[in-house]
Amino acid sequence: MNRQKRSAKPFGMWAITLCIGLFANVATALDFENFPLDTLDNTVAEGVKAEVVDYHGQKGIHVSVLPEHKSLAQGGCDNCTYLALQTLPFRDGTIELLMAGEPQQESATGFVGIVFRVSEDMSEYEGVYLRPVNAVSEDETQRELTIQYFSYPDHSGDVLRETAPGQYESAANIRPGQWFKLTAEINNNQAIFYIDGEKVLVVDRLFHGSEHKGVIGLITQPGNNAYFSDLKIKHSQ
C-alpha cells in the first residue's frame, strides 16, 4: 500500500502537469492568429470587391471600391469601404501585415490601410491608412500627410487635421506600388504605428475608448488599388 501511495503521487502530479501544459498550449494558440490572406474565406465585403492575386511576387488580397459606392458628399459615407476579416475580437495587442497601394486615377493617392476594434454592427471602429503617393511628393507638406489615424464615424482625417493639426498624421518612407510592413501596437487608449520597423506615428487617444473590441478589416478608398498579405495578430487581452 505504501508503495502504491508513493507511486500514485508522482503520477497524479504528472497528470496535473500534463493538463496544465495542454491548457497553456490552447491559450497560446488563441493568443496568436495568422492569416496569409491567400483566400477570401471568412471575409465580409463592405462596399468593396476583393480577389486573391499575385502582386510583385507576393500572394495576397487585392481590394478596390465598387463603382456604385457613394461618398459622403453624394449621400453615402467615407472611410467605410473595407474587407472585414472574421478574426477573434481584438482589443489590445499587435497587428502586423504587408500592404501596398497604388492609384487607379490620377487624383488618387494609393490609399491603403486597416480598421480595428470594429463594432458588431460595423458602425464604429478605429483605423489607420497610408497615402503612398504623398510619400514621394516634392511638397514637404504633402509628405507629412502620408500616414493618418482616424476614428469612424465622427473623427475623419479632415476633421482631425482641422482640430489638431499634425497630431494624427505624419510622414512615412513608402512608395506607390511597393510592399511595406505596417505594425500597429494597440494598448488601451494608445496606438503606436511602425513602417518597416520605424516608428512613424503615436496616437495617445483612441476616440472609442479602451473597452471597445472587434474584428479587423482591410480598407481602401475609391480610385485606388490596395493589396494586403501575411497578417499576424497577437492578442494581449
Side-chain angles (χ1 to χ4, degrees), residues 32-39 43 48 50-65 79 81-85 87 90 93-116 125-150 157 160 166 168-187 190-203 216-234:
F32 294 88
E33 293 185 274
N34 185 22
F35 296 86
L37 299 182
D38 56 2
T39 176
T43 65
V48 298
E51 58 184 341
V52 176
V53 298
D54 189 294
Y55 185 69
H56 294 323
Q58 181 75 34
K59 195 169 186 179
I61 294 178
H62 168 219
V63 180
S64 58
V65 178
N79 294 332
T81 46
Y82 60 91
L83 184 70
L85 308 174
T87 62
F90 176 87
T94 302
I95 304 166
E96 179 182 286
L97 76 163
L98 297 176
M99 302 196 304
E102 61 181 7
Q104 288 179 348
Q105 303 170 357
E106 186 175 349
S107 59
T109 60
F111 187 111
V112 57
I114 61 170
V115 293
F116 55 95
Y125 43 83
E126 313 284 5
V128 65
Y129 56 81
L130 293 105
R131 307 178 181 96
V133 171
N134 284 21
V136 296
S137 173
E138 295 181 357
D139 185 341
E140 183 178 357
T141 301
Q142 288 297 107
R143 294 198 300 272
E144 291 295 327
L145 308 180
T146 297
I147 183 170
Q148 170 80 62
Y149 160 77
F150 72 98
L160 293 177
Y168 295 100
E169 55 194 339
S170 72
N173 185 20
I174 58 176
R175 295 291 183 272
Q178 293 186 10
W179 289 105
F180 60 89
K181 181 185 290 186
L182 170 71
T183 303
E185 295 180 352
I186 313 300
N187 183 27
Q190 185 186 69
I192 305 176
F193 301 103
Y194 302 80
I195 298 297
D196 293 329
E198 179 183 358
K199 185 188 297 186
V200 292
L201 182 64
V202 178
V203 177
I216 291 168
L218 314 175
I219 191 170
T220 189
Q221 277 190 342
N224 298 280
N225 289 313
Y227 301 88
F228 306 86
S229 183
D230 197 21
L231 170 65
K232 296 180 175 64
I233 305 168
K234 179 181 179 182

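Counting from 1, the numbers follow the sequence of the chain as shown.
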Side-chain (N134) to main-chain (P132) donor-acceptor, under 3.5 angstrom: no
Return the minimal non-hydrogen interatomic distance between P222 and V65, and the atom names on each side. N-CG2, 3.4 Å
To the closest 0.5 Å, what do you measure between CG (L201) and OH (Y168)? 10.0 Å
Just so I know, are the side chains of F90 and I186 near enough to count as touching, which here means a heavy-atom distance under 4.5 Å? yes
Measuring from F228:CZ to M99:CE, what's the distance to the nearest 0.5 Å? 6.5 Å
Spatial distance of atom CG (N173) from atom CZ (R143) [nearest 0.5 Å]: 11.0 Å
Side-chain contact, heavy-atom cut-off 4.5 Å: T87 with F116? no
Do D139 side-chain atoms and T141 backbone N/O form a donor-acceptor pair below 3.5 Å? yes
Distance-only side-chain donor-acceptor flag, E96 / Y194, under 3.5 Å: no
Check for a donor-acceptor pair, side chain of T81 on one end and backbone N or O of V48 on the other, with a separation under 3.5 Å. no
Quick one: does R131's side chain have a donor or acceptor within less than 3.5 Å of a partner on G110's backbone? no
Less than 4.5 Å apart, side chain to side chain, heavy atoms only: is that true for D230 and L97? no
Between W179 (side chain only) and G57 (backbone N and O only), is there a donor and an acceptor less than 3.5 Å apart? no
Between F150 and Y125, how do the two ring planes meet: parallel, tilted or perpendicular, split at 30° and 60°? perpendicular
Minimum heavy-atom separation for V112 and F180, please, with both atom names. CG1-CZ, 4.2 Å
Determine the minimum heavy-atom distance between A135 and A172, stating which atoms define it. CB-O, 3.5 Å
What one should report as the nearest heavy-atom pair of T220 and S64 is CG2-CA, 4.1 Å
Interatomic distance, L130 atom CG to L145 atom CG [nearest 0.5 angstrom]: 12.0 Å
Write down the atom of F193, the atom of V128, and the distance for their closest heavy-atom approach. CE2-CG1, 3.6 Å
CD1 (I174) and CG (L182) are apart, to the nearest 0.5 Å, by 9.5 Å
Would you say that more than 12 heavy atoms from the other residues, nucleotides or ligands in this model lie under 6.0 Å from the CD of E198, or not? no
Once rounded to the nearest 0.5 Å, what's the spacing between atom CD1 of I61 and atom CG of L83? 5.5 Å
Are the side chains of L98 and L231 in contact, using a 4.5 Å heavy-atom criterion? no
Among Q221, Q148, E102, exactly one meets side chain to side chain contact (heavy atoms under 4.5 Å, CB included) together with F111. Which residue is that? Q221
Check K59, K181, Q58 against S229 for a side chain to side chain donor-acceptor pair (under 3.5 Å) and give me the one that passes. Q58
Can you find a heavy atom in the side chain of Y129 that is under 4.5 Å from one in the side chain of N79? yes
